[in-house]
K.L.:
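Before I ask anything, let me first share the structure, which is written out below as structure tokens.
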Amino acid sequence: MAAPLKGWAKHNARQNELARDDLGGKGWVRGHVLNPDGSVGGRRSAMAPGPGGLISGGVVISVRMEGLPRIRAMLERAEKLSPAAVARALNRTAERARTDMTRALVKQTGLKFSRIRAATSLWRASAGSLQAEIKAKGGYTSLKEFGARKTAKGVSAAPWGRRQVFDGTFIVRRYGGHVYKREGRRRWPIQKLYGPAIPVEMVKGQSLTAFNRAVQTELPKRLEHELGRIFGR
């Protein structure tokens with residue numbers, strides 16, 4: 001059984017339920033995901049077709065990963081001597097990579113560090129499974145979460161870390177303060193607008209660069225440290 005929602009997640013779910021009952025059931029509200037340039041992109045239901053609009057993503061650190069020729073011999077040596085030592089090195093590297101990726105995603109998405117951290121998890125390596133994985137789960141984020149506020153021309157918000165005004169948009173306080181835009185000149189239907197999804201952003205751009213950098217710099221140091229412990233240095 002899924003854990004009950006709490007705090008802002010519970011409130012947000014209730015507001016979405018109200019909007020769906022009042023408007024969505026009549027086909028009057030359609031969720032759309034914005035593009036980084038501010039234009040309206042595809043339907044949220046098509047881009048995140050899973051239950052509740054959730055998406056999963058992740059990156060893996062293992063002894064078999066590509067792009068590590070400089071430390072291949074060190075990895076193979078450590079794996080033969082002590083798989084547990086390799087697992088410790090992988091886990092420490094994954095911890096560093098997760099922190100660096102979270103910091104990069106703050107700039108890349110425009111979301112707060114705590115929000116991104118809560119959306120990610122670390123699956124640790126063990127002596128029997130020399131692979132650590134950093135995972136993220138979540139959906140596209142309502143535009144209201146990016147500091148949305150009303151202006152004369154439309155709503156101002158900062159998805160992807162760039163504040164801009166979205167012409168013709170408006171905030172509906174009754175439905176949780178989310179941001180909407182009419183599809184045409186008529187009152188209905190309207191589009192509920194969403195910004196980036198953490199699992200999608202996690203595996204590209206600054207976040208992916210931060211991951212690769214952490215692996216290239218941290219893993220050799222951790223392996224050397226673990227080998228030093230084995231040989232008593």
Side-chain angles (χ1 to χ4, degrees), residues 32-39 41-42 44 46-50 52-72 74-75 78-79 86-126 129-143 145-147 157-164 194-225:
H32 281 257
V33 178
L34 292 167
N35 296 315
D37 64 2
S39 61
R44 174 175 171 264
M47 298 175 70
L54 295 179
I55 307 168
S56 296
V59 288
V60 174
I61 306 173
S62 78
V63 295
R64 301 287 180 262
M65 68 188 300
E66 300 287 335
L68 296 174
R70 185 166 62 87
I71 60 171
R72 179 66 61 199
M74 188 186 300
L75 272 169
E79 184 179 3
V86 177
R88 287 194 296 269
L90 290 172
N91 289 332
R92 290 297 296 272
T93 301
E95 290 169 0
R96 170 65 182 274
R98 183 187 180 194
T99 298
D100 290 353
M101 293 174 75
T102 301
R103 288 172 178 159
L105 283 167
V106 170
K107 298 179 180 179
Q108 187 171 324
T109 65
L111 292 168
K112 293 181 179 180
F113 185 95
S114 59
R115 176 74 179 273
I116 297 167
R117 185 76 174 185
T120 63
S121 59
L122 177 61
W123 288 47
R124 296 182 178 275
S126 66
S129 178
L130 296 178
Q131 175 175 296
E133 187 171 359
I134 306 166
K135 293 187 174 184
K137 188 173 184 179
Y140 285 95
T141 311
S142 172
L143 193 60
E145 303 294 339
F146 299 94
W160 291 280
R162 298 189 301 275
R163 182 160 290 279
Q164 53 189 307
Y194 293 84
I198 294 171
V200 174
E201 298 295 323
M202 179 185 188
V203 294
K204 64 182 183 180
Q206 300 173 50
S207 174
L208 184 58
T209 298
F211 169 76
N212 289 328
R213 185 187 303 116
V215 172
Q216 294 287 350
T217 59
E218 190 69 14
L219 187 54
K221 290 192 297 184
R222 300 315 310 176
L223 282 171
E224 186 175 357
H225 173 76

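When reading the values below, keep in mind they use all heavy atoms of this one structure, side chains included, and skip hydrogens, waters and symmetry mates. Positions are given from 1, in the same order as the sequence printed here.
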K.L.:
Which residues satisfy the salt bridge (charged side-chain N to carboxylate O under 4.0 Å, His left out) test with Arg222, sequence neighbours excluded?
P.N.:
none
K.L.:
Please tell me if the side chains of Leu111 and Phe146 come closer than 4.5 Å, counting only heavy atoms from C-beta onward.
P.N.:
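Result yes, sub-4.5 Å side-chain heavy-atom pair found.
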K.L.:
Any salt bridge linking Lys221 with Glu218? Criterion: basic side-chain nitrogen under 4.0 Å from a carboxylate oxygen.
P.N.:
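Looking at Lys221 and Glu218, the cut-off is met.
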K.L.:
Suppose we screen for side-chain contact (heavy atoms from CB on, under 4.5 Å). Which residues come up paired with Lys204, at least two apart in sequence or across chains?
P.N.:
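In terms of side-chain contact (heavy atoms from CB on, under 4.5 Å), with neighbours along the sequence ignored, Lys204 is linked to Gln108, Val200, Glu201.
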K.L.:
Which residues satisfy the side-chain contact (heavy atoms from CB on, under 4.5 Å) test with Asn91, sequence neighbours excluded?
P.N.:
Arg124, Ala125, Ala132
K.L.:
If I compare all heavy atoms of Leu143 with all of Pro159, which pair ends up nearest, and what's the gap?
P.N.:
CD1-CG, 3.7 Å
K.L.:
Between Arg92 and Glu95, is there a side-chain N and carboxylate O pair less than 4.0 Å apart?
P.N.:
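A salt bridge links Arg92 with Glu95.
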K.L.:
Do any N or O atoms from the side chain of Thr141 and from the backbone of Pro196 form a donor-acceptor pair under 3.5 angstrom?
P.N.:
yes
K.L.:
Distance check, rounded to the nearest 0.5 Å: Ile61 atom CD1 versus Leu130 atom CG?
P.N.:
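Those atoms lie 12.5 Å apart.
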K.L.:
Decide yes or no on side-chain contact (heavy atoms from CB on, under 4.5 Å) for Met101 and Val59, but give the supporting numbers first.
P.N.:
CA-CA 11 Å; Met101 293 174 75; Val59 288; 3.9 Å; yes
K.L.:
Distance from Leu105 atom CG to Ile116 atom CD1, nearest 0.5 Å?
P.N.:
5.0 Å
K.L.:
To the nearest 0.5 Å, tell me how far Met202 CE sits from Ile134 CD1.
P.N.:
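Spacing of CE (Met202) from CD1 (Ile134) equals 5.5 Å.
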K.L.:
Under 4.5 Å between any side-chain heavy atoms of Pro36 and Arg162, yes or no?
P.N.:
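Contact flag for Pro36/Arg162 side chains = yes.
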K.L.:
To check you understand the geometry: which heavy-atom pair defines the closest contact between Pro199 and Gly138, and what is its length?
P.N.:
CG-N, 3.6 Å
K.L.:
side-chain contact (heavy atoms from CB on, under 4.5 Å) for Tyr140 and Leu34? Distances and angles first, verdict last.
P.N.:
CA-CA 10 Å; Tyr140 285 95; Leu34 292 167; over 6 Å; no
K.L.:
Tell me every residue that passes side-chain contact (heavy atoms from CB on, under 4.5 Å) with Glu133, counting only those two or more places apart in sequence or in another chain.
P.N.:
Val60, Trp123, Gln131, Lys135
K.L.:
Working to the nearest 0.5 angstrom, can you tell me the gap between Asn212 CG and Asp100 CG?
P.N.:
11.5 Å
K.L.:
Can a donor-acceptor pair be found, under 3.5 Å and without considering hydrogens, that links the side chain of Ser207 to the backbone of Val203?
P.N.:
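No, Ser207 side chain to Val203 backbone: no donor-acceptor pair under 3.5 Å.
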K.L.:
With sequence neighbours excluded, tell me which residues meet salt bridge (charged side-chain N to carboxylate O under 4.0 Å, His left out) with Arg117.
P.N.:
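Arg117 satisfies salt bridge (charged side-chain N to carboxylate O under 4.0 Å, His left out) with no residue once adjacent residues are dropped.
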K.L.:
Considering residues at least two apart in sequence or located in another chain, which fulfil the salt bridge (charged side-chain N to carboxylate O under 4.0 Å, His left out) criterion with Lys112?
P.N.:
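Partners of Lys112 by the salt bridge (charged side-chain N to carboxylate O under 4.0 Å, His left out) criterion come out as none, since no residue qualifies.
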K.L.:
Measuring from Arg103:CZ to Gln206:CD, what's the distance to the nearest 0.5 Å?
P.N.:
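So the gap between those two atoms works out to 14.0 Å.
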